[in-house]
*Asks:* 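Here you go, one structure.
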Number of protein chains: 2
Amino acid sequence: MSSTGAKVPSADIFAPGGHASGQGINLGPCAACAARQLAFCNVLDGDDLGRLLQILTESTATSGHAIFYEGDEAEHVYNVTEGVVRVSKMLPDGRRQITGFLFPGDFLGLSHGDAYAYTAEAIGPARLCRFKRDKLLNLFDELPTLEKRLLGMAADELAAAQDQILLLGRKTARERVVSFFQLLAKQARKRGEMGGTIHLPMSRADIADYLGLTIETVSRTITKLAKDGVIELPSSNKVVLADLDALEAIEMGEE
Amino acid sequence: MSSTGAKVPSADIFAPGGHASGQGINLGPCAACAARQLAFCNVLDGDDLGRLLQILTESTATSGHAIFYEGDEAEHVYNVTEGVVRVSKMLPDGRRQITGFLFPGDFLGLSHGDAYAYTAEAIGPARLCRFKRDKLLNLFDELPTLEKRLLGMAADELAAAQDQILLLGRKTARERVVSFFQLLAKQARKRGEMGGTIHLPMSRADIADYLGLTIETVSRTITKLAKDGVIELPSSNKVVLADLDALEAIEMGEE
DNA sequence: CGTATACTTGAATTGAGTCAATAAGTGTGG
DNA sequence: CCACACTTATTGACTCAATTCAAGTATACG
């Protein structure tokens with residue numbers, strides 16, 4: 001928590017130092033943005049953030065609705081500020097693979113080329129910042145820190161993708177499910193949610209399509225983990241990580 | 001072998017070019033670099049390329065030898081100029097997943113954080129350009145086009161990783177093998193190698209660990225494809241893509 | 001409440017893995 | 001050039017983890 005005495009709205013978050021005072025810049029949505037610390041824009045403040053704000057459009061998406069589809073012209077890039085977004089690819093016969101779940105602060109649509117390579121859909125209500133791609137790219141010349149930040153985020157995403165490749169290529173169903181829970185727990189921690197209980201905002205079908213399994217296998221595996229006492233299931237979308245050592249061991253196949 | 005008349009030692013590695021006398025810049029290894037058009041440095045020329053050269057060290061790697069290991073301090077980044085590099089991750093019990101094969105022009109080691117998240121090994125003799133990470137990152141301030149180029153390459157890599165995630169999560173063994181052949185063919189085309197015959201520089205074990213299969217399944221699947229007449233096998237590491245329509249259909253599961 | 005939707009559980013099936021035995025290269029030194 | 005050892009690839013028989021098919025049982029919703 002950094003606080004600089006600027007007169008900012010109540011919320012979670014507030015504008016960084018920069019030009020507060022009398023005739024400052026209206027940091028509008030950013031001032032109240034819950035994802036501010038996590039998002040790519042956290043390297044900006046004051047005038048620089050103002051510049052970014054000028055090309056930003058806020059948007060919302062409702063449960064299950066697409067933000068864009070695979071193959072659509074890639075005109076915009078997005079930043080998730082609230083909710084969870086599911087990114088997926090489909091084979092012609094309908095088999096689906098979810099390549100990631102995006103949480104507040106995550107970036108979306110930074111693909112090369114002129115069409116999106118995947119579909120993005122909101123899981124439950126979500127809010128996003130939208131930017132015209134070319135405008136954001138142009139802004140990089142003015143705000144080099146922003147570009148560096150995005151390169152760093154791309155590198156992180158690449159590392160996450162490689163972890164997922166290892167999971168899909170070589171882990172068992174049990175290891176996949178545990179790795180998934182650990183990932184959700186880690187992301188929850190990053191967002192400041194402490195405690196050993198994780199929330200599953202997505203359906204079993206989504207989990208299955210993310211882990212390269214079927215709904216049935218996911219369900220059976222979760223049930224088994226609970227029977228083995230390494231997790232507890234207060235409800236179907238809440239998981240208590242009960243035995244952290246055991247989970248750690250399972251994740252990497254030491255069992 | 002790159003030779004530009006500069007007096008460089010024979011060995012493994014040699015000092016960066018620097019400004020060699022006369023008038024004009026010694027573009028040393030770059031002038032003779034076979035991967036120049038494909039690599040990230042292709043956006044530079046003249047003085048700018050000279051700047052990059054100052055922080056570059058050429059190195060070679062021999063068959064099977066590691067360029068770096070997962071967990072090593074991530075001091076350098078690399079650019080493959082000749083040969084093929086295999087990037088892999090391992091689970092504690094020895095299961096291996098190859099996350100990618102890198103060809104001339106491909107970039108390597110751009111991970112965030114201070115340790116490499118994967119192992120990189122040469123398949124057969126290879127040559128690489130090596131840069132100290134911090135020096136290259138600093139150079140971005142002087143050469144913004146270079147940074148943009150790298151961001152674009154990272155975006156491409158991310159798209160490729162997502163294709164691989166779809167493959168591993170949802171495709172059958174037959175579809176995986178065909179997708180792999182198509183990928184190799186596409187990359188060969190990018191490097192200017194035309195014709196329907198592709199070369200497999202990697203072993204069946206490497207292919208298996210890339211496709212999330214076993215050696216036996218890879219072998220059986222390739223044999224079956226040949227029996228079905230969609231490919232031909234002049235030798236165990238050469239594949240003729242005989243029936244392109246059929247291959248296209250198999251790749252996406254339309255069969 | 002009734003009805004759709006999501007999740008769990010069970011039984012049978014199967015695609016890919018495992019174990020095991022050749023076969024085909026590759027290289028080395030006599 | 002051949003014999004030997006060694007590595008790599010193929011092929012076969014059997015097994016098994018995960019899928020498929022098929023009920024059931026919660027859970028949410030108009």
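The structure displayed is predicted, hence computed values, not measured ones. Convention: sequence-line order gives letters A, B, ...; per-chain numbering from 1.
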*Asks:* Answer yes or no: is there a side-chain heavy-atom contact under 4.5 Å between L241(A) and Q182(A)?
*Replies:*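 Heavy-atom side-chain distance check passes, below 4.5 Å.
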*Asks:* Considering only heavy atoms, which members of residues 202-213 of chain B lie under 4.0 Å from some atom of DNA chain C?
*Replies:*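 Close to the strand are G212(B), L213(B).
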*Asks:* May I ask you to test the H112(B)-L158(A) pair for a side-chain heavy-atom distance under 4.5 Å?
*Replies:*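 When only atoms from C-beta onward are counted, L158(A) and H112(B) do not touch, as no gap falls below 4.5 Å.
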*Asks:* Is the phosphate of dC7(C), meaning OP1 or OP2, less than 4.0 Å from a side-chain N or O of S219(A)?
*Replies:*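 Checking S219(A) against dC7(C): no side-chain N or O falls below 4.0 Å of OP1 or OP2.
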*Asks:* Indicate, with a heavy-atom threshold strictly under 4.0 Å, whether S235(B) touches base, sugar-phosphate, or nothing.
*Replies:*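 Counting heavy atoms under 4.0 Å across all strands, no contact is made by S235(B).
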*Asks:* Do M202(A) and D209(A) come within less than 4.5 Å of each other through their side chains, counting heavy atoms only?
*Replies:*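 Side-chain contact under 4.5 Å: no.
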*Asks:* What nucleotide among dT8(C), dT10(D), dT11(D) has an atom nearest to a side-chain atom of R220(B)?
*Replies:*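 Of all the options, the side chain of R220(B) is nearest to dT11(D).
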*Asks:* For nucleotides 22-30 of chain D, just jot down a letter per nucleotide in 5' to 3' order: B, S or -, based on protein non-hydrogen atoms under 4.0 Å.
*Replies:* ---------
*Asks:* Between Y116(A) and F68(A), what is the ring plane arrangement, given parallel below 30°, perpendicular above 60°, and tilted in between?
*Replies:*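 The rings of Y116(A) and F68(A) lie parallel, inter-plane angle below 30°.
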*Asks:* Closest nucleotide of DNA chain D for R170(B) versus for I222(B): which of these residues is on the 5' side?
*Replies:*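 This one resolves to I222(B).
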*Asks:* Taking only the side-chain heavy atoms of T223(B) (C-beta and beyond), determine which of dT10(D), dT8(C), dA18(D) contains the nearest atom.
*Replies:*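 The closest nucleotide is dT10(D).
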*Asks:* Any donor-acceptor pair under 3.5 Å linking the side chain of R130(A) with the backbone of T57(A)?
*Replies:*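 Between the backbone of T57(A) and the side chain of R130(A) there is no qualifying donor-acceptor contact (under 3.5 Å).
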*Asks:* With under 30° as parallel and over 60° as perpendicular, where do the rings of F40(A) and F131(A) fit, or are they tilted in between?
*Replies:*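 The arrangement is perpendicular - the two ring planes meet at more than 60°.
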*Asks:* Step through the shown structure and confirm whether more than 12 heavy atoms of other residues, nucleotides or ligands are within 6.0 Å of NE2 on H65(A).
*Replies:*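 Result for NE2/H65(A): open.
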*Asks:* Looking at T214(A), I'd like to know whether one of its side-chain N or O atoms comes within less than 4.0 Å of OP1 or OP2 on dT20(D).
*Replies:*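 Checking T214(A) against dT20(D): no side-chain N or O falls below 4.0 Å of OP1 or OP2.
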*Asks:* Return yes if some donor-acceptor pair links the side-chain N/O of D106(A) with the main-chain N/O of L108(A) below 3.5 Å, else return no.
*Replies:*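 No: the side chain of D106(A) does not pair with the backbone of L108(A).
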